[in-house]
Amino acid sequence: MPELPEVETIVADLRPHLVGRTIVRCELRFPSIVRHPEPEVFIDSITGLTIEGVGRRGKFILIPLGEGRLLVVHLGMSGQLRLVDAATEIANHTHAILDLDDGRQLRYRDPRRFGRLLLGTEDELLTSGTLPRLGPEPIDPAFDAEQLFQRLRRRRASLKAVLLDQGTVAGVGNIYADESLHRARLRPDRLAKSLSRKSVRRLHESLRDSLEVAIRNRGSSVDTYRDAWGEIGNQQESLLVYGRAGEPCMTCGRPLSIVRIAGRSTVFCRRCQR
DNA sequence: CTGGGCTCCTGCCCGC
DNA sequence: TGCGGGCAGGAGCCCA
């Protein structure tokens with residue numbers, strides 16, 4: 001599933017191809033994938049606008065289109081944003097097609113339809129609640145361990161639940177929550193507020209390391225994740241715990257445990273993580 | 001306010 | 001071989 005590293009890979013790949021292109025036509029094959037504004041308004045508004053940038057905030061893809069307008073794409077569980085030649089056969093579950101002025105198409109495909117498209121000014125999307133308030137970017141150099149400590153100390157919930165909360169830190173999902181906690185040698189069910197500054201420093205560094213390594217490896221294709229060209233990533237081959245329940249811990253060899261925390265399957269080592 | 005649980009949805013895997 | 005059930009999960013929403 002696309003988390004920060006997967007979204008970052010897509011965004012970095014698309015940017016040089018999309019900036020400067022004009023959207024000449026928009027087709028919604030499954031209109032309710034657009035959550036704001038009404039689909040007809042979305043089509044009318046987006047047609048003719050020129051792409052000024054391609055960015056990311058947490059797991060959200062942000063595409064400024066001029067006139068203060070922002071196209072927002074969230075991939076949910078199974079969303080794919082692909083740049084293809086217009087002649088390419090249309091895959092099933094393709095819900096939106098943006099025709100560009102260079103003969104290519106930006107297509108949104110999402111079998112499970114947990115993803116969404118939004119269009120509006122940033123203020124409009126924030127005040128309407130369609131774009132949630134997000135915590136800091138974990139890989140931002142300005143985000144330091146002390147900031148993480150201050151955020152964790154106020155939270156009664158488990159570390160796993162807090163890492164998954166996009167309002168605490170933006171962009172971490174089930175894969176990199178488990179990976180970070182393993183690297184930091186912290187149990188996922190530890191209460192966030194119970195961590196010492198020293199432990200939080202370790203978690204801060206582990207978060208950053210897990211995410212940056214995954215970006216270098218172009219993300220994890222453990223399920224349906226594909227990049228903008230339809231290719232898989234490589235990080236799934238190097239994951240320490242995610243998807244490895246029952247297999248030996250890379251550090252101590254003990255079989256990895258799997259439990260359910262915050263409604264998510266959670267894999268960790270009972271010996272290495274305290 | 002906070003945290004936990006339910007819901008949406010399809011594909012995949014397992015067992016009969 | 002085919003089919004049904006269970007499971008996976010991001011995040012909005014509701015409720016205690």
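To find a chain, count down the sequence lines: A is the first, B the second, and so on, and within it residues start at 1. From a predicted model like this one, the values you see are computed outputs, not experimental measurements.
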Quiz item: Just to confirm, is there a sub-4.0 Å distance from OP1 or OP2 of C:dA8 to any side-chain nitrogen or oxygen of A:Arg260?
Solution: yes

Exercise. Quick one: closest heavy-atom pair of A:Ile139 and A:Arg208, and the distance?
Key: CA-NE, 4.2 Å

Exercise. Can you tell me the distance, in whole Å, between the CG atom of A:Asp110 and the C1' atom of B:dC8?
Key: 11 Å

Exercise. Would you check if A:Leu98 and A:Leu71 make a side-chain contact, meaning some heavy-atom pair closer than 4.5 Å?
Key: yes

Quiz prompt | Short N-O contact, A:Arg21 and A:Asp101, less than 4.0 angstrom | solution = yes

Self-check item: Nearest-angstrom distance from the residue atom NZ of A:Lys160 to P of B:dG4
Solution: 13 Å

Quiz prompt | Pairs satisfying ring pair (Phe, Tyr, Trp, His ring centres under 6.0 Å), at least one member in residues 139-163 of chain A, at least two apart | solution = A:Phe143-A:His204

Quiz item: Which whole-number value in Å describes the distance from A:Arg156 CZ to B:dG4 P?
Solution: 11 Å

Self-check item: Close side-chain approach of A:Leu75 to A:Ile10, heavy-atom, < 4.5 Å
Solution: yes

Quiz item: In terms of side-chain geometry, is the basic nitrogen of A:Glu146 or A:Arg197 positioned less than 4.0 Å from the acidic oxygen of its partner?
Solution: yes

Quiz item: Any side-chain N or O of A:Ser265 less than 4.0 Å from the OP1 or OP2 oxygen of C:dC7?
Solution: no

Exercise. Rounded to the nearest angstrom, tell me the gap between atom CZ in A:Arg155 and atom P in B:dC1.
Key: 13 Å

Quiz item: Counting only side-chain N and O atoms of A:His93, is one of them less than 4.0 Å from OP1 or OP2 of B:dG11?
Solution: yes

Self-check item: Nearest-Å distance for atom pair OH/C1', residues A:Tyr176 and C:dG9
Solution: 15 Å

Practice problem: Assign a letter to each nucleotide of nucleotides 10-16 of chain C from its 5' end: B, base within under 4.0 Å of a protein heavy atom; S, sugar-phosphate only; -, no contact. | Solution: BBS----

Quiz item: To the nearest Å, how far apart are A:Arg112 CZ and B:dC9 P?
Solution: 13 Å

Practice problem: For A:His74, enumerate each residue passing the ring-ring contact (aromatic ring centres under 6.0 Å, His included) test, keeping only those at least two apart in sequence or located in another chain. | Solution: A:Phe60

Practice problem: Starting from the 5' end of DNA chain B, give me the residue, A:Asn92 or A:Ala262, whose nearest nucleotide shows up first. | Solution: A:Ala262

Exercise. Could you list the residues that satisfy ring-ring contact (aromatic ring centres under 6.0 Å, His included) with A:Tyr176, not counting sequence neighbours?
Key: none

Quiz item: Sequence neighbours excluded, which residues qualify as side-chain contact (heavy atoms from CB on, under 4.5 Å) partners of A:Ser32?
Solution: A:Phe30

Quiz item: Taking CG from A:Asp178 and C1' from C:dG9, how many angstroms apart are they, rounded to a whole number?
Solution: 12 Å

Quiz item: Does A:Arg113 have a side-chain nitrogen or oxygen under 4.0 Å from the phosphate oxygens OP1 or OP2 of B:dC8?
Solution: no

Quiz item: In whole angstroms, how far is the P atom of B:dG4 from the CG atom of A:Leu159?
Solution: 12 Å

Quiz prompt | Members of residues 224-242 of chain A that approach DNA chain B, where some heavy atom sits under 4.0 Å away | solution = none

